[in-house]
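Worksheet: the structure to be examined is printed underneath.
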Amino acid sequence: MDALIARADTIRPLSELKVVKTRDSGKGKAKANSKGKSKDTSTSNSDYTLQSISSHANVPKSLAPLDPSSSKSKNDEVPKYNHIANKKLRSQLVHQHALNSNLSKNALETQQNLLSLAADDAGSIQVTGPLEKTWRISQDEIVASVGGEAVKGRRELTFGPGQGAKRMKWSQNGRHLVFISGKGGTKVSSVDWMGGNVNCEVDLLAGSNLAGAGGNGGGGEAARDVTFLQDQSFFAVAQKRNVFVYDRDGVEVHRLNNIIDPLRLDFLPWHWLLVAVTNSGHLSYTDTTTGTQIAVHRTKLGACNTLTQNRHNAVVHLGHQNGCVTLWTPNLPKPAVQILSHMGPVTSISVNPSDGGSAGSVNMPGRYMATAGRDGKIKIWDCRNWKGVVREWAVRGAGDVELEWSQKGYLGVLSGGSVNVYHPPHIVTPYTGSSSSSAPPLYLSHPIPHKPLQCLRFEPFSDVLAVGHNKGLSSILVPGVGEPQFDSLEADPFENAKARREREVKGLLDKIQPDLITLDPSMVGKFDSAALSASGSSLVATAAQSLLDKSDKVKWGANVQVKNVGVDVPFSRMKRVERLAVQGKLDTTGAGDDSEDSDVEMKEGGDGDSDDEGGLTREEMSKKRKMRGKNKSLKRYLRKQRKNVVDPQVLAVRAKVDRMREEAKAKKLQMKTGGAGEETKRKSALDRFKAGSGK
């Protein structure tokens with residue numbers, strides 16, 4: 001009760017408390033005398049409860065005494081409102097102005113505190129002293145300290161010796177997991193990790209579905225890689241012969257025959273492209289919405305066992321056997337970037353997907369790339385300039401090294417018999433010590449006795465790291481590595497069937513074209529200022545003007561006045577031909593044929609305004625007009641066709657017209673050379689023995 005009374009008393013100013021005590025004394029002493037004894041009274045009648053909580057309790061800002069002098073701005077003081085005659089209204093305005101100033105100041109302070117909190121490692125392990133290390137904390141201690149829902153992420157799945165998880169991939173929302181297991185990778189399983197249910201299990205060795213959903217055509221083949229497509233409804237498996245697509249029940253729904261002997265797979269979610277690299281070194285892009293292969297690139301660097309994507313710009317990163325790392329886009333036949341990263345084969349590549357989340361953070365989306373090679377080194381690269389290694393260090397343990405970045409910028413390294421996780425500020429900070437290959441400080445370490453360790457993947461929107469080893473699959477808790485906030489319109493771990501269908505339809509409508517994949521995605525929608533200054537006009541107007549000038553001058557003559565498209569006329573008011581010219585889709589190959597046909601018709605029939613044009617009489621001109629347009633059906637058909645659509649039928653008609661034109665020219669040439677006079681001559685019996693005669 002004393003604590004409640006003391007807390008209530010702290011709301012009132014201390015000066016008022018002293019005045020109340022003075023009035024309660026009942027003695028009419030002078031103010032000076034009471035002020036002189038106030039110090040002794042406060043010291044003698046001290047409240048220990050009030051002193052204990054006064055340093056930790058704050059008065060509410062709405063009840064705190066306002067000091068107009070403390071809320072002065074840089075330029076002027078608090079206005080006095082002397083022009084208002086009403087004293088009560090004037091005091092209310094002054095009070096409101098001071099209150100607003102304090103609120104704005106407190107809001108700014110709160111915003112700065114939130115930014116500083118976001119910049120810190122929220123949710124990560126915090127130690128109490130400098131002698132404590134986070135990597136000494138075991139999984140048992142973490143499980144004992146976290147909540148009951150987070151404990152569910154710590155699991156141990158045992159399949160048997162040699163039947164552990166070889167490759168795995170999470171869905172975009174982090175709810176489902178698909179992995180390859182079994183001896184030689186003959187089983188593919190899809191599970192609901194959060195719900196603890198098995199969606200399907202495909203046995204490739206037996207060619208049948210253990211879930212009872214039917215058979216598949218990829219029996220007897222070992223799986224090499226697996227990935228989800230747009231969601232958990234479909235997943236693609238890279239088998240020995242081709243790439244097979246299965247649905248959620250494990251039934252084969254498609255087979256990509258044009259991808260032979262694939263090794264690695266990945267899916268670009270914003271472009272709906274399935275990327276595959278084969279044993280022969282061919283990189284293939286397949287559009288999953290239409291099933292067509294849009295691009296195939298020959299890397300010319302042999303088999304590739306490492307493939308990943310930069311989720312910031314959808315550029316594919318490949319690691320080769322000669323230590324090179326190449327960056328590919330579907331619209332370039334050669335690699336956009338090629339660097340020599342290691343002195344041996346590249347075993348793993350990962351690109352940082354973190355966007356920092358706050359101003360001043362070192363983590364930017366797609367900025368850093370981590371590579372690991374068989375030379376025993378891990379290197380961090382800056383994807384903006386490629387001027388050198390940001391940091392590198394050597395790893396211990398035998399076997400290939402696997403890398404994986406988390407959503408918050410933590411780097412997981414799988415080497416030897418342990419899993420090590422590094423903190424983001426130390427990974428990308430250049431080391432200035434005497435040894436340039438010093439490893440950054442560890443954040444967490446977990447040993448796994450089941451060697452060899454195959455792969456690792458961070459679960460999206462969760463603090464779980466899944467590790468595939470020789471005997472099964474293990475998941476460990478790594479506090480602070482997952483993004484706590486998710487966009488329910490993009491990736492929702494708790495979405496239902498209706499939300500999934502709506503998201504799929506929206507993703508199809510918002511599908512990005514493959515031609516927009518570049519190293520710098522910010523250049524889309526911008527003009528080249530250097531080219532604009534050199535040309536002196538709009539690039540769109542220049543391209544449209546050149547195309548329209550070419551077609552119009554051929555059709556109507558060189559004296560025609562063509563308007564400056566793109567400058568005088570907006571794009572929305574252009575004609576269809578002008579829009580096609582601006583977009584670069586105008587086909588001017590048929591312009592010459594149409595103009596030639598029109599010229600022939602003009603020469604044959606004239607324009608009808610002059611009777612003596614070409615030396616023809618009125619009767620001959622009327623006869624020509626009657627014959628005009630005869631035998632022109634094929635040419636009319638060509639003129640009615642769309643110039644920007646070329647199909648086999650149009651090509652056949654154009655070839656027939658060209659053949660008829662050549663025959664007409666040959667006949668006219670024969671008439672000029674006198675070949676027609678020989679036909680009128682009387683044939684003799686010896687003409688059959690002439691060379692080239694038909695009989």
Side-chain angles (χ1 to χ4, degrees), residues 166-168 224-225 263-266 275 277-279 281 283 299-310 315-328 335-353 366-383 385-406 409-422 424 426-431 435-440 442 445 451-458 467-469:
K166 275 73 176 177
R167 303 287 298 179
M168 67 180 70
R224 299 173 176 176
D225 199 3
L263 293 179
R264 292 291 179 264
L265 294 176
D266 207 345
V275 186
V277 61
T278 62
N279 194 20
L283 181 64
T299 60
K300 301 180 182 180
L301 295 175
C304 179
N305 294 321
T306 304
L307 183 146
T308 188
Q309 63 165 314
N310 188 342
V315 175
V316 175
H317 297 234
L318 298 181
H320 303 277
Q321 300 295 324
N322 59 353
C324 290
V325 174
T326 55
L327 278 64
W328 295 86
V337 177
Q338 181 173 354
I339 58 174
L340 181 61
S341 58
H342 295 275
M343 302 305 295
V346 180
T347 59
S348 181
I349 300 176
S350 183
V351 182
N352 186 8
R367 174 175 174 177
Y368 294 105
M369 178 186 69
T371 61
R374 289 186 180 173
D375 55 357
K377 292 185 178 181
I378 298 176
K379 297 183 180 181
I380 309 298
W381 304 82
D382 193 344
C383 298
N385 46 29
W386 305 103
K387 291 184 178 180
V389 179
V390 178
R391 186 160 189 170
E392 64 174 315
W393 67 91
V395 292
R396 298 177 180 178
D400 294 341
V401 181
E402 290 288 332
L403 303 175
E404 180 73 5
W405 290 89
S406 71
Y410 290 76
L411 180 63
V413 179
L414 190 69
S415 62
S418 63
V419 181
N420 299 326
V421 181
Y422 296 93
H426 306 288
I427 302 171
V428 298
T429 303
Y431 186 70
S435 177
S436 60
S437 60
S438 177
L442 272 175
S445 181
K451 298 180 182 180
L453 306 184
Q454 305 285 346
C455 60
L456 78 162
R457 289 289 184 271
F458 283 101
V467 181
H469 49 79

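Small disclaimer: the values here were computed from a predicted structure and weren't measured.
- Residues passing the ring pair (Phe, Tyr, Trp, His ring centres under 6.0 Å) test with H469 are H450, sequence neighbours excluded.
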Working for side-chain contact (heavy atoms from CB on, under 4.5 Å), residues L307 and L263: CA-CA 9 Å; L307 183 146; L263 293 179; over 6 Å; no

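- Put simply, CD on Q321 and CG on N305 are 5.5 Å apart, with the number rounded to the nearest 0.5 Å.
- Closest approach of S418 to L453, counting heavy atoms only: N-CD1, 3.7 Å.
- In this structure, CE on M168 lies 7.5 Å from CZ on R457, to the nearest 0.5 angstrom.
- When all heavy atoms of V401 and S415 are compared, the pair lying nearest together is CG2-CB, 4.2 Å.
- Put simply, the side chain of L318 reaches to within 4.5 Å of the side chain of L283, judged on heavy atoms.
- Under the rule for a side chain to side chain contact (heavy atoms under 4.5 Å, CB included), the partners of P335 that lie at least two apart in sequence or sit in another chain are T326, W328, Q338.
- In this structure, the side chain to side chain donor-acceptor pair (under 3.5 Å) partners of R374, at least two apart in sequence or on a different chain, are D400.
- With contacts defined as side-chain heavy-atom distances shorter than 4.5 Å, the pair V275/Q309 does not qualify.
- Take E402 and apply the salt bridge (Lys or Arg N to Asp or Glu O under 4.0 Å) test, not counting sequence neighbours, and it matches no residue.
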Can you check ring-ring contact (aromatic ring centres under 6.0 Å, His included) on Y422 and W405, steps first, answer last? CA-CA 10 Å; Y422 296 93; W405 290 89; over 10 Å; no

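- By the 4.5 Å heavy-atom criterion applied to side chains, C304 and R264 are not counted as neighbours.
- The line from CG of L456 to CD of E404 is 6.0 Å long, rounded to the nearest 0.5 Å.
- Nearest approach of N322 to L340, heavy atoms of both residues: O-CD1, 3.7 Å.
- Side-chain contact between D382 and K387 is absent, with no heavy atoms from C-beta onward closer than 4.5 Å.
- Side-chain contact between T371 and S341: present, with at least one pair of heavy atoms (C-beta onward) separated by less than 4.5 Å.
- Here C383 pairs with M369, W386 under the side chain to side chain contact (heavy atoms under 4.5 Å, CB included) rule; sequence neighbours left out.
- Annotation: side chain to side chain donor-acceptor pair (under 3.5 Å) contacts of N279 (sequence neighbours excluded): D261.
- Residues forming a side chain to side chain donor-acceptor pair (under 3.5 Å) with N420 (at least two apart in sequence, or on another chain): S445.
- Of the candidates V315, N310, V316, L327 forms a side-chain contact (heavy atoms from CB on, under 4.5 Å) with just one, namely V315.
- In terms of the ring pair (Phe, Tyr, Trp, His ring centres under 6.0 Å) criterion, W381 has no residue partners (sequence neighbours excluded).
- When side chains are defined from C-beta on, R391 does not count as touching V428, because their heavy atoms never get closer than 4.5 Å.
- Under the rule for a ring pair (Phe, Tyr, Trp, His ring centres under 6.0 Å), F458 has no partner lying at least two apart in sequence or in another chain.
- Checking side-chain atoms of D266 against main-chain N and O of T308 turns up no donor-acceptor pair under 3.5 Å.
- Considering every non-hydrogen atom in both V346 and T306, the closest pair reads O-OG1, 3.3 Å.
- More than 12 heavy atoms of other residues, nucleotides or ligands lie within 6.0 Å of NZ in K379, so this atom counts as buried by the packing criterion.
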Any chance you could lay out the side-chain contact (heavy atoms from CB on, under 4.5 Å) test for I427 and I380, step after step, and finish with the verdict? CA-CA 8 Å; I427 302 171; I380 309 298; 3.8 Å; yes

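- The distance from the OG atom of S348 to the CG atom of L403 is 4.0 Å, given to the nearest 0.5 Å.
- Using a 4.5 Å heavy-atom cutoff, the side chains of I378 and V413 are in contact.
- Side-chain atoms of V421 and L411, non-hydrogen and from C-beta on, never get closer than 4.5 Å to each other.
- Among all heavy-atom pairs drawn from R167 and R224, the shortest one is CG-O, 3.4 Å.
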